[in-house]
Amino acid sequence: MVFVDRNDGHLEVRRINSPRTTQMADVLREEEVKLQFMPGYVPGKEENVAGKLRGSIFNFEFVKAGRPMSGRFYFLRSDDYVYILRFTGYRDKLRSIRNQTDSMARTFGLAKS
């Protein structure tokens, strides 16, 4: 999903297998290993999030085409899966839609079959 322009706000949703016994911090570290090779990568703070699913938020900054960018990844646990809501965009634009990204993460749920 894209908010106005891809660089203004881009959402990607992923599901990874992760046994319930795996600590959320370990899942975050695995994702961070992939991110650390981005140009200008600077890790940010981690936060907790609770809504329909519980989890963690990982913030970071990087540079793309000489422009400051940021990422805000929500890691939400459901049984033996972790859903990752990956928001990326221009740093100032992503910060301005933070209320919406937080709301999406808090209300993210699974459809019952």
Side-chain angles (χ1 to χ4, degrees):
M1 299 188 80
V2 175
F3 180 77
V4 182
D5 179 85
R6 182 181 181 98
N7 291 318
D8 289 342
H10 179 253
L11 166 63
E12 187 176 305
V13 180
R14 294 283 186 224
R15 180 182 80 174
I16 58 173
N17 291 326
S18 177
R20 190 165 273 294
T21 56
T22 304
Q23 296 293 318
M24 189 62 79
D26 294 335
V27 176
L28 266 71
R29 294 301 149 248
E30 288 176 23
E31 191 71 21
E32 186 178 10
V33 166
K34 299 172 195 171
L35 297 172
Q36 67 185 353
F37 296 105
M38 297 175 88
Y41 172 76
V42 177
K45 66 177 186 169
E46 295 174 21
E47 307 168 39
N48 292 324
V49 64
K52 288 185 177 182
L53 302 175
R54 299 179 70 73
S56 298
I57 304 170
F58 181 71
N59 298 289
F60 63 96
E61 294 182 358
F62 62 102
V63 177
K64 182 176 180 183
R67 295 278 316 258
M69 308 287 284
S70 67
R72 187 167 174 85
F73 288 10
Y74 298 84
F75 294 81
L76 306 170
R77 164 112 26 222
S78 174
D79 298 324
D80 286 334
Y81 295 105
V82 172
Y83 291 86
I84 306 172
L85 280 60
R86 298 176 178 170
F87 290 94
T88 56
Y90 289 133
R91 186 173 55 201
D92 55 340
K93 300 277 184 156
L94 196 60
R95 189 176 297 136
S96 71
I97 62 169
R98 183 173 172 176
N99 288 338
Q100 288 93 339
T101 62
D102 286 350
S103 177
M104 286 183 212
R106 284 192 305 272
T107 59
F108 183 83
L110 306 174
K112 303 212 186 232
S113 352

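Just the heavy atoms: all of them, side chains too, but no hydrogens, waters or symmetry mates, feed the values below.
Rounded to the nearest 0.5 Å, atoms NE2 (His10) and OG1 (Thr88) are 6.0 Å apart. Summarising the geometry, atom OH belonging to Tyr41 is positioned 12.5 Å from atom NZ belonging to Lys34; distances are rounded to the nearest 0.5 Å. The CE atom of Met24 lies 10.5 Å from the CD atom of Glu46; values are rounded to the nearest 0.5 Å. Atom CZ of residue Phe60 and atom CG of residue Leu35 lie 4.5 Å apart, to the nearest 0.5 angstrom. Between Leu110 atom CG and Leu53 atom CG the span is 5.5 Å, to the nearest 0.5 Å. Separating the CZ atom in Phe75 from the CZ atom in Arg86 is a distance of 7.5 Å, to the nearest 0.5 Å.
Heavy atoms of other residues, nucleotides or ligands lying less than 6.0 angstrom from CZ of Arg54 number 12 at most.
Between Phe58 and Gly44, the shortest heavy-atom contact is CE1-O, 4.2 Å. Closest approach of Ile97 to Gly9, counting heavy atoms only: CD1-CA, 4.5 Å. Closest approach of Leu94 to Arg72, counting heavy atoms only: CD2-N, 4.1 Å. Nearest heavy atoms, Val63 versus Gly40: CG2-CA, 4.2 Å. Closest heavy-atom contact between Ser78 and Tyr83: CB-CE1, 3.9 Å. Taking all atoms of both residues into account, the shortest heavy-atom contact from Arg77 to Gln23 is NH2-C, 4.5 Å.
Under the side chain to side chain contact (heavy atoms under 4.5 Å, CB included) rule, Val82 has a single partner from Thr22, Val27, Asn17, which is Val27. Across Val49, Ile57, Leu76, a single residue satisfies side chain to side chain contact (heavy atoms under 4.5 Å, CB included) together with Leu85, and that is Leu76.
Cluster annotation: Met69 and Met38 are assigned to the same hydrophobic cluster (Ile/Leu/Val/Met/Phe/Trp/Tyr, side-chain heavy-atom contacts under 4.5 Å, transitive).
Remark: side-chain polar atoms of Arg95 are not paired, donor with acceptor, to backbone N or O of Ser70 under 3.5 angstrom. The closest donor-acceptor contact from the side chain of Ser96 to the backbone of Lys93 lies under 3.5 Å. Side-chain N or O atoms of Asp80 include one that pairs as donor or acceptor with a backbone N or O of Arg20 at under 3.5 Å.
Two residues are said to be in side-chain contact when any heavy atoms from C-beta on lie closer than 4.5 Å; Leu28 and Phe73 fail this criterion.
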Any chance you could lay out the side-chain contact (heavy atoms from CB on, under 4.5 Å) test for Phe87 and Met104, step after step, and finish with the verdict?
CA-CA 11 Å; Phe87 290 94; Met104 286 183 212; 3.7 Å; yes

